[in-house]
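Note that the coordinates shown come from a computational prediction; the quantities given were computed from them, not determined experimentally. Along the sequence shown, residues carry numbers from 1.
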Amino acid sequence: MADGVLPARVRGSVASGVLRTGLPSGVAPPEFAGFVTSVRDGLAGLGGRLTVVAAPPALMTAVDPWGPVSALPLMRRVRERLDPDRRMSPGRLPGGM
């Protein structure tokens, strides 16, 4: 993990356009946040996104797992209309919805 580079394992499918990345254990939250930010910045110019699906709790709190979500205002309006009491899976959607 020298020089700010993390050894990542990547696998996926070109057909689906989905890649899964695995990082080694023992990555510190600042390193993880830097990695996620760097990959998100690189993908943004290509129209891609990075969503953190699973990570230890200490790492999940270091980043927003969803990243930027352009449809967030629409999602909030739909959620308010269909679930005004916020009973269905609170906090599991982008933006803490």
*Asks:* Using a 4.5 Å cut-off between side-chain heavy atoms of Ile, Leu, Val, Met, Phe, Trp and Tyr, which other residues end up in the same hydrophobic cluster as Val53?
*Replies:* none

*Asks:* Tell me every residue that passes side-chain hydrogen bond (donor to acceptor under 3.5 Å, both in side chains) with Arg86, counting only those two or more places apart in sequence or in another chain.
*Replies:* Glu80

*Asks:* What salt bridge (charged side-chain N to carboxylate O under 4.0 Å, His left out) pairs are there with at least one residue in residues 38-50, not counting sequence neighbours?
*Replies:* none

*Asks:* Can you name the closest pair of heavy atoms from Leu19 and Ser13 and give their distance?
*Replies:* CD2-N, 4.4 Å

*Asks:* Please output the side-chain donor-acceptor pairs of residues 58-69 that fall under 3.5 Å, not counting sequence neighbours, one pair per line with the distance.
*Replies:*
residue	atom	partner	partner atom	Å
Thr61	OG1	Pro57	O	3.4
Thr61	OG1	Ala58	O	3.0
Asp64	OD1	Trp66	N	3.2

*Asks:* Identify, with sequence neighbours excluded, every residue that meets side-chain hydrogen bond (donor to acceptor under 3.5 Å, both in side chains) alongside Arg79.
*Replies:* Asp83

*Asks:* Would you tabulate the side-chain donor-acceptor contacts of residues 89-97 under 3.5 Å, counting partners in other chains and residues two or more places apart, or write 'none'?
*Replies:*
none

*Asks:* Please check if the side chain of Ser38 supplies one atom and the backbone of Gly34 the other of a donor-acceptor pair under 3.5 Å.
*Replies:* no

*Asks:* How about Val27 and Phe35: do any of their side-chain heavy atoms sit closer than 4.5 Å?
*Replies:* no

*Asks:* Are Leu74 and Leu82 linked, directly or through other ILVMFWY residues, by side chains that come within less than 4.5 angstrom of each other?
*Replies:* yes

